[in-house]
Amino acid sequence: MQKTLKGVPLLWENEHCLIFDKPQGLAVQGGAGIKVSLDSLLEECYTPRPLLVHRLDRDTSGLILAAKNGKAAADMAALFARGALKRRYLGVCTGIPREQEGRISLDLEEGGKVKKAETRYRVLQHRALGEQSWALLELDLGTGRMHQIRRHLAQIGHPLLGDQKYGDFALNRALKKTMGLKQLLLHAWALTIPPSAFCPGGLEISAPPPEYFELYIEPSMLRR
């Protein structure tokens with residue numbers, strides 16, 4: 001039976017770290033109006049509380065890594081900083097990008113400063129329903145800015161379906177009526193950890209997207 005943290009699937013664990021499959025709608029950290037977060041669940045269930053070393057938006061599902069001690073957290077942060085610890089996402093965007101593979105290098109404002117940002121994408125499949133079309137993308141972060149994938153895809157005219165901040169609001173409303181669209185279609189799909197002190201053998205781990213993706217993509221993708 002799969003281990004869980006108060007219902008949050010725990011996919012992998014060793015003496016230094018844990019990897020969870022965070023559901024859509026669960027905040028990673030607390031804040032105004034947030035009663036339950038992944039961080040609060042960790043505090044409730046572990047002593048000492050594991051440390052979250054990266055974030056996912058509340059509306060993004062998928063893999064998230066936590067360190068069991070400060071040394072592991074520092075090692076993870078160092079790997080993230082030099083791009084050695086890689087994250088890949090699956091997202092369903094509006095329309096179909098002209099190029100099957102591409103690199104989005106557009107600066108983003110963060111904390112009052114303009115910072116370099118890079119997102120790489122690859123079209124895995126695309127579908128159409130009448131005049132509406134969308135594409136399933138595999139996305140690879142070259143940098144890790146706030147809402148980077150969502151902002152970059154919106155900037156090139158292909159925002160994510162279900163994005164209520166940067167998306168195509170008219171299309172989201174239409175798909176809510178016709179197909180029941182309620183969630184942001186973005187999922188942290190895979191993590192690649194190189195051999196390191198906290199993971200000596202290295203690790204490649206993935207988690208299929210939630211079942212609500214199935215209306216928009218080939219169902220076999222859910223079992224990859």
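For the pair His126 and Ser133, the minimum side-chain heavy-atom distance is 4.5 Å or more. Side chains of Phe20 and Leu56 form no contact here, defined as non-hydrogen atoms less than 4.5 Å apart. The shortest distance between side-chain heavy atoms of Val123 and Leu136 does not fall below 4.5 Å. Ile64 places a side-chain heavy atom less than 4.5 Å from the side chain of His54. At least one side-chain heavy atom of Leu124 sits under 4.5 Å from a side-chain heavy atom of Leu90. With a 4.5 Å cut-off on side-chain heavy atoms, Tyr166 and Leu153 do not count as touching. At a threshold of 4.5 Å between non-hydrogen side-chain atoms, the residues Ile193 and Cys17 do not count as touching. Side chains of Leu5 and Leu42 form a contact here, defined as non-hydrogen atoms less than 4.5 Å apart.
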Could you list the donor-acceptor pairs under 3.5 angstrom formed by side chains in residues 98-110, with sequence neighbours left out?
from: Arg103; atom 1: NH1; to: Glu118; atom 2: OE2; distance (Å): 2.9
from: Glu110; atom 1: OE1; to: Lys115; atom 2: NZ; distance (Å): 3.4
from: Glu110; atom 1: OE2; to: Met146; atom 2: N; distance (Å): 2.6

Would you mind writing out the side-chain donor-acceptor pairs for residues 28-39 within the sub-3.5 Å range, not counting sequence neighbours?
from: Ser37; atom 1: OG; to: Asp39; atom 2: N; distance (Å): 3.4
from: Ser37; atom 1: OG; to: Ser40; atom 2: N; distance (Å): 3.0
from: Asp39; atom 1: OD1; to: Arg49; atom 2: NH1; distance (Å): 2.9

Scan the side chains in residues 65-84 for donor-acceptor partners under 3.5 Å anywhere in the protein, sequence neighbours excluded, and list what turns up.
from: Lys68; atom 1: NZ; to: Glu13; atom 2: OE2; distance (Å): 2.7
from: Lys68; atom 1: NZ; to: Asn14; atom 2: O; distance (Å): 2.8
from: Asn69; atom 1: OD1; to: Lys71; atom 2: N; distance (Å): 3.3
from: Asn69; atom 1: OD1; to: Ala72; atom 2: N; distance (Å): 2.7
from: Lys71; atom 1: NZ; to: Asp75; atom 2: OD1; distance (Å): 3.2
from: Lys71; atom 1: NZ; to: Asp75; atom 2: OD2; distance (Å): 2.8

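Here Lys6 pairs with Leu41, Glu44, Cys45 under the side chain to side chain contact (heavy atoms under 4.5 Å, CB included) rule; sequence neighbours left out. Remark: Gln183 engages Gln24, Tyr212 in a side chain to side chain contact (heavy atoms under 4.5 Å, CB included) (not counting sequence neighbours). Judged as a ring pair (Phe, Tyr, Trp, His ring centres under 6.0 Å), and not counting sequence neighbours, the contacts of Tyr216 are Trp134. Applying the salt bridge (Lys or Arg N to Asp or Glu O under 4.0 Å) test to Asp21 and every residue at least two apart in sequence or in another chain returns nothing. Not counting sequence neighbours, the partners of Arg88 by the salt bridge (Lys or Arg N to Asp or Glu O under 4.0 Å) test are Glu138.
For the atom pair Arg55 CZ and His147 NE2, the distance stands at 8.0 Å (nearest 0.5 Å). Here Leu161 contributes atom CG and Leu186 contributes atom CG; the two are 11.0 Å apart, rounded to the nearest 0.5 Å. Atoms CH2 and CD1, from Trp12 and Ile19 in turn, are 6.0 Å apart once rounded to the nearest 0.5 Å. For the atom pair Leu203 CG and Phe198 CZ, the distance stands at 9.5 Å (nearest 0.5 Å). Rounding to the nearest 0.5 Å places CZ of Arg87 at 12.5 Å from CG of Leu139. Summarising the geometry, atom CG belonging to Asp140 is positioned 13.5 Å from atom OH belonging to Tyr121; distances are rounded to the nearest 0.5 Å.
The minimum heavy-atom distance linking Cys93 with His158 is given by the pair CB-O, 3.2 Å. Gln132 approaches Leu175 most closely through the heavy-atom pair OE1-CD2, 3.3 Å. Of all heavy-atom pairs between Pro9 and Gly7, the closest is CD-O, 3.4 Å. Nearest heavy-atom pair across Leu137 and Pro97 is CD2-CG, 4.1 Å. Here the closest non-hydrogen pair linking Pro210 and His187 is CD-ND1, 3.6 Å. The minimum heavy-atom distance linking Gly162 with Asn172 is given by the pair N-OD1, 2.9 Å.
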Does the side chain to side chain contact (heavy atoms under 4.5 Å, CB included) test come out yes or no for Gln148 and Thr119, once each step is laid out?
CA-CA 8 Å; Gln148 177 176 315; Thr119 303; 2.8 Å; yes

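Tracing side-chain contacts under 4.5 Å through hydrophobic residues (I, L, V, M, F, W, Y), one reaches Leu63 starting from Leu85; they form part of the same cluster. Linking ILVMFWY side-chain heavy atoms closer than 4.5 Å, directly or via other members, places Leu171 and Leu215 in a single hydrophobic cluster. Both Val53 and Leu191 belong to a common hydrophobic cluster when Ile, Leu, Val, Met, Phe, Trp and Tyr are linked at side-chain heavy-atom distances under 4.5 angstrom.
Applying side chain to side chain contact (heavy atoms under 4.5 Å, CB included) to Leu160 and the options Leu184, Leu185, Thr94, Val92 leaves one that passes, Leu184.
Listed by first and then second residue, the salt bridge (Lys or Arg N to Asp or Glu O under 4.0 Å) pairs that reach into residues 142-159 are Asp57-Arg150, Arg150-Asp163, sequence neighbours excluded. Within the structure, no pair that satisfies the side chain to side chain donor-acceptor pair (under 3.5 Å) test touches residues 191-202, not counting sequence neighbours. For residues 168-184, no residue pair satisfies the salt bridge (Lys or Arg N to Asp or Glu O under 4.0 Å) rule, not counting sequence neighbours.
The hydrophobic cluster analysis finds Ile96 isolated: no Ile, Leu, Val, Met, Phe, Trp or Tyr side chain comes under 4.5 Å of it, directly or through other members.
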